Structures are given as structure tokens and as C-alpha cells.
Amino acid sequence: MSKKKTRKQKTNFVETATSGDMEVKKLIIFIVVIVVLFGAFYIISQFVDRSEDSTTSTQDEAAVIQYDEIILGTLLEQSDGSYYVLVSDPESGQTQGVYEVYKSAYTSKEDALKVYTSDITSPFNQKYKADESNFEIDTISDLRIKGDTLIKVEDHQLTEYFEGKEEIVNELKRISE
């Protein structure tokens with residue numbers, strides 16, 4: 001009878017040892033999985049940080065304030081006594097290039113007046129865009145512009161205007177000579 005008890009005890013001991021080994025294996029696997037996950041997150045975060053550094057370095061340029069483009073609400077409020085405002089759609093492609101050629105020729109002259117530009121498609125200028133132009137204005141809120149227009153302002157008053165590509169180019173040619 002004593003032999004049987006010993007066998008049972010040994011069997012229980014073997015089962016206990018095997019259960020402990022399984023627990024240790026599970027713990028080691030759990031630790032390895034956690035380490036691998038942390039490693040993966042670390043590598044991914046390093047990769048993302050490097051890509052953010054490369055994109056932010058190009059964005060660290062100094063801001064440039066340009067004074068050549070105005071909104072139509074300030075058309076009569078510029079500090080120059082006399083000046084031109086070229087109102088056009090910058091997305092009009094070839095037309096815009098033609099304007100730039102003649103505008104550059106004019107502004108290179110010594111006695112040239114300042115030439116401002118204004119984008120008629122800008123959200124700030126939408127209230128001035130209309131199917132019919134109105135240049136007989138008492139206040140700037142009465143101004144309506146149909147399309148590309150060159151406007152001359154003297155002493156905060158609208159004095160001349162030229163509508164359409166052909167009239168604008170002809171005027172820019174004339175004042176460039």
C-alpha cells in the first residue's frame with residue numbers, strides 16, 4: 001500500500017511542476033509581447049517625428065507681407081494720391097500673363113503710378129461682383145464690377161475705368177509709352 005501512495009505523490013508533484021512551468025511560460029510570453037509592442041510604438045514614433053521634422057523645416061520661412069494686392073473695400077483708401085487698380089481673375093491664365101507684361105513695362109518707368117491688383121474671385125470681393133458694372137459711386141459699397149477692369153483713382157476718387165481685356169491692354173500700352 002505504501003507504494004501506491006508514493007506514486008500518487010510523485011504524480012501530483014509532476015503535475016504541479018508542469019502547471020508552474022506553464023505559468024512561467026505564459027508570463028514570459030506576456031512580457032515579450034509587451035516589449036515588442038513598446039518597441040514597435042517607439043520605432044513608429046521615431047519615424048513620425050523624423051517625417052514631421054522634414055515638413056516643418058520647410059514651413060519655417062519668414063512671413064512676407066505684400067502690399068500690391070488690395071480688397072475692393074479699400075479701393076479708395078490707399079495712401080498714394082493717384083494709382084491704378086487692376087481687378088481681374090488670376091485664374092484666367094493667358095489673360096493674366098498679358099496684363100503682367102504691360103503692367104511690368106509701365107511700373108518700370110520712373111514716373112509710374114503705383115499699380116495695385118485685386119482678385120475679383122476673392123471671398124472679400126464677392127459683394128462687388130455683378131452682372132452689370134457701376135462706377136458712378138458715392139461710397140465704395142455702390143461699386144459693382146462685371147469682370148476684368150483697370151481703375152484709376154486720384155485723391156480717393158474713382159476717375160477712370162477700363163473694362164475688358166482689350167481696353168485694359170490698350171490703356172496699359174498707352175501709359176507704358
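Because the structure is a prediction, the values reported are computed rather than measured.
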Residues, nucleotides or ligands: over 12 heavy atoms within 6.0 Å of [X] [atom1]:
X      : atom1 : answer
Lys127 : NZ    : no
Tyr161 : OH    : no
Lys114 : NZ    : yes
Glu132 : CD    : no

Is there a path of hydrophobic side-chain contacts, each under 4.5 Å between heavy atoms of I/L/V/M/F/W/Y residues, joining [Y] to [X]?
X      : Y     : result
Val35  : Ile43 : no
Tyr42  : Val33 : no
Val101 : Leu86 : no
Phe30  : Met22 : no
Phe124 : Ile70 : no

Answer yes or no: is there a side-chain heavy-atom contact under 4.5 Å between [X] and [Y]?
X      : Y      : answer
Glu171 : Tyr102 : no
Gln78  : Val85  : no
Asp119 : Glu69  : yes
Leu76  : Val153 : yes
Leu172 : Val115 : no

How long is the straight-line distance from [atom2] of [Y] back to [atom1] of [X], given to the nearest 0.5 Å?
X      : Y      : atom1 : atom2 : value
Ile137 : Thr139 : CD1   : OG1   : 7.0 Å
Thr117 : Glu100 : OG1   : CD    : 7.5 Å
Lys109 : Ser104 : NZ    : OG    : 14.0 Å
Ile140 : Ile71  : CD1   : CD1   : 10.0 Å
Phe135 : Thr149 : CZ    : OG1   : 4.0 Å
Lys103 : Ile168 : NZ    : CD1   : 12.0 Å

Donor-acceptor contact below 3.5 Å, side chain [X] vs main chain [Y]:
X      : Y      : answer
Ser133 : Lys146 : yes
Asn125 : Leu72  : yes
Thr159 : Lys152 : yes
Asn134 : Asp142 : yes

Co-members of Val36 in a cluster of I, L, V, M, F, W and Y side chains, linked at under 4.5 Å: Val24, Ile28, Val32
Salt bridge present between Arg144 and Asp131 (N-O < 4.0 angstrom): no
Parallel, tilted or perpendicular: rings of Tyr116 and Tyr83 (30°, 60°): perpendicular
side-chain contact (heavy atoms from CB on, under 4.5 Å) partner of Tyr84, the single match among Ile175, Ile151, Thr107: Ile175
Stepwise side-chain contact (heavy atoms from CB on, under 4.5 Å) check, Tyr128 with Leu75: CA-CA 11 Å; Tyr128 301 104; Leu75 178 81; over 6 Å; no
Minimal non-hydrogen separation, His156 against Glu77, with atom names: ND1-CA, 4.1 Å
Which atom of Ile120 lies closest to which atom of Gln126, heavy atoms considered: O-NE2, 3.2 Å
